[in-house]
S.K.: 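I am attaching a structure below and will ask some questions about it afterwards.
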Number of protein chains: 2
Amino acid sequence: MSERGRPRAFDRAEALQKAMLVFWDKGYQAASLTDLTEAMGIGSPSLYAAFGSKEGLYREAVDLYEASESDEIAGPLSLAATAREAIEGYLMASAAVFTRPGRPPGCMVVLSAVNAVGVGDETSAKLREMRAQSVTAIAARLRSAAAAGELDAGLDAEAIASYYVTVQQGMSIQARDGATRPQLEAIARGAMAAWEGLTRAAA
Amino acid sequence: MSERGRPRAFDRAEALQKAMLVFWDKGYQAASLTDLTEAMGIGSPSLYAAFGSKEGLYREAVDLYEASESDEIAGPLSLAATAREAIEGYLMASAAVFTRPGRPPGCMVVLSAVNAVGVGDETSAKLREMRAQSVTAIAARLRSAAAAGELDAGLDAEAIASYYVTVQQGMSIQARDGATRPQLEAIARGAMAAWEGLTRAAA
DNA sequence: CCTTTTCTGTAGTGATCAATACACAAATAG
DNA sequence: CTATTTGTGTATTGATCACTACAGAAAAGG
């Protein structure tokens, strides 16, 4: 097939992983081509041959983030037995991922709401949709719990989901300011203290 | 006194206000000198004569933000009769300020945790301290309420304060994504649903 | 071998960045 | 008036930005 020509001298997936860490750490615009090529260990022509452009590389970095880190955060939402355990697991997994050693603090997708300046409209819209998807997924989990009789049928799933996603997004800011995993977990437990009040009566 | 020389042809306070809006909207690095001078209606030499440097202008813009917007958010903390009303008022005022028409969405100081890349260490530390100050102020309000017998004496004031500040910071992200004032207020009410659980037993 | 294809390294492109040199304008001091 | 001081407008500084032209290197096809 396409094995003609000089073979690539670097591992594409490995280089993308390094680029993801730079974008995650600095945001789109503040990550310079020099930052990227140095972290990836390649020259800029190799970067452009493999990824097309800075924004193309960013898009792939976001996809990689979603596939690796983001799925770990969302995992509990579909796996936990009860809706309460699902959301608590979501917040606890966030606390873990946001403070994992060797990784930038906070969530790359959440932070992109603030530091993805200069990115194209299409990529920007995709990132916004990814953040909105968190609310959708949690609301769906709440509605399925309500349909199963586990929770009150009259609850406002969207409002509750927005609240928990807001807490999780605030945890990204806290992580940026140096909050540790136990501190973020304490915040998550604080957020869960609202659970009974929110799910008992329709807000 | 110092009325010698050609008088300044623009209003310094007015120009600073315009610069604050640009920094608030775009962050430090993404706000270019062209953006700033166009918004302020002056040439770059006038900017440098009046404010010293881009970072000097940014520092003054942060001070102006603190004096105008930030005080409105923190007002309820010292004015409200009860600790609960103080914190609820803090979140409600945040919802209002974060979505005020004609102003950028979200809190300039909160967002600076993410978009103040490239700013000097001293300014960066000052901004971080301003964010930490929110936790300190709320914790102090909780402790005074506990000392007055209004709340349980064994509550973890720091943990509760961190939780509510995290919600407020998440509201800044939500505002960036287009959340309206009623939506943010609903989130604030959701956060207040945790109040009894948090203040009843020592976490 | 030679040709074709693909990638790498060097060395740059024009554009934009924050910041200024310099000449002139506009005020006060004497 | 002249001298001094301060601000403005033009035009530009070197540095850095994202990006690429070009020549040579390293592979497969014939």
S.K.: Rounded to the Å, how far apart are A:I42 CD1 and C:dC7 P?
M.R.: 12 Å

S.K.: Does A:T34 make a side-chain donor-acceptor contact with the base of D:dT16, cut-off 3.5 Å?
M.R.: no

S.K.: Evaluate the ring planes of B:F23 and B:Y28, with Trp represented by its six-membered ring, and classify them as parallel (under 30°), tilted (30 to 60°) or perpendicular (over 60°).
M.R.: parallel

S.K.: When you get a sec, tell me which of C:dA19, D:dT8, C:dT8 is the closest nucleotide to the side chain of A:F10?
M.R.: C:dT8

S.K.: What nucleic acid atoms does A:A49 come within less than 4.0 Å of, heavy atoms only: base, sugar-phosphate, or nothing?
M.R.: nothing

S.K.: For DNA chain C, whose closest nucleotide is more 5', that of A:A9 or that of B:D35?
M.R.: A:A9

S.K.: Round to a whole Å and report the spacing from OH of A:Y48 to P of D:dC17.
M.R.: 12 Å

S.K.: Is the Lys NZ or Arg CZ of B:R100 less than 6.0 Å from the centre of B:F98's six-membered ring, within 45° of the axis?
M.R.: no

S.K.: Considering heavy-atom distances to DNA chain D, does A:P45 or A:R6 have its closest nucleotide positioned more toward the 5' end?
M.R.: A:P45

S.K.: Distance check needed: C:dT16 P versus B:K26 NZ, whole Å only.
M.R.: 13 Å

S.K.: The side chain of A:S46 is closest to which nucleotide in this list: C:dT8, D:dT8, D:dT4?
M.R.: C:dT8

S.K.: Is B:R189 salt-bridged to B:E88, going by a charged N under 4.0 Å from an acidic O?
M.R.: no

S.K.: Please tell me which of the listed nucleotides, C:dT8, D:dG7, C:dA18, lies nearest to the side chain of B:R8?
M.R.: D:dG7

S.K.: Which part of the nucleic acid, if any, lies within contact of A:A31, taking any heavy atom under 4.0 Å across all strands shown: a base, the sugar-phosphate backbone alone, or nothing?
M.R.: sugar-phosphate

S.K.: Find the distance A:L33:CG to C:dA11:C1' and express it as a whole number of Å.
M.R.: 15 Å

S.K.: Let's see if you can work this out: which of D:dT6, D:dT20, C:dA27 has an atom nearest to the side-chain heavy atoms of A:S44?
M.R.: D:dT20

S.K.: Check the distance between C:dA18's P and B:E38's CD and give it to me in whole angstrom.
M.R.: 12 Å

S.K.: Would A:D63 and A:K126 pass as an ion pair if we require N to O under 4.0 Å?
M.R.: yes

S.K.: For a quick test of reading the model, state the closest non-hydrogen atom pair linking B:P104 to B:L21 and the distance between them.
M.R.: CG-O, 3.6 Å

S.K.: Closer to the 5' end of DNA chain C via nearest nucleotide, is it B:P7 or B:Q29?
M.R.: B:Q29

S.K.: Whole angstrom is fine here: how far is it from CZ in A:R12 over to P in C:dT6?
M.R.: 16 Å

S.K.: Nearest to the side chain of B:K54 - C:dT28, C:dA18, D:dA28?
M.R.: C:dA18

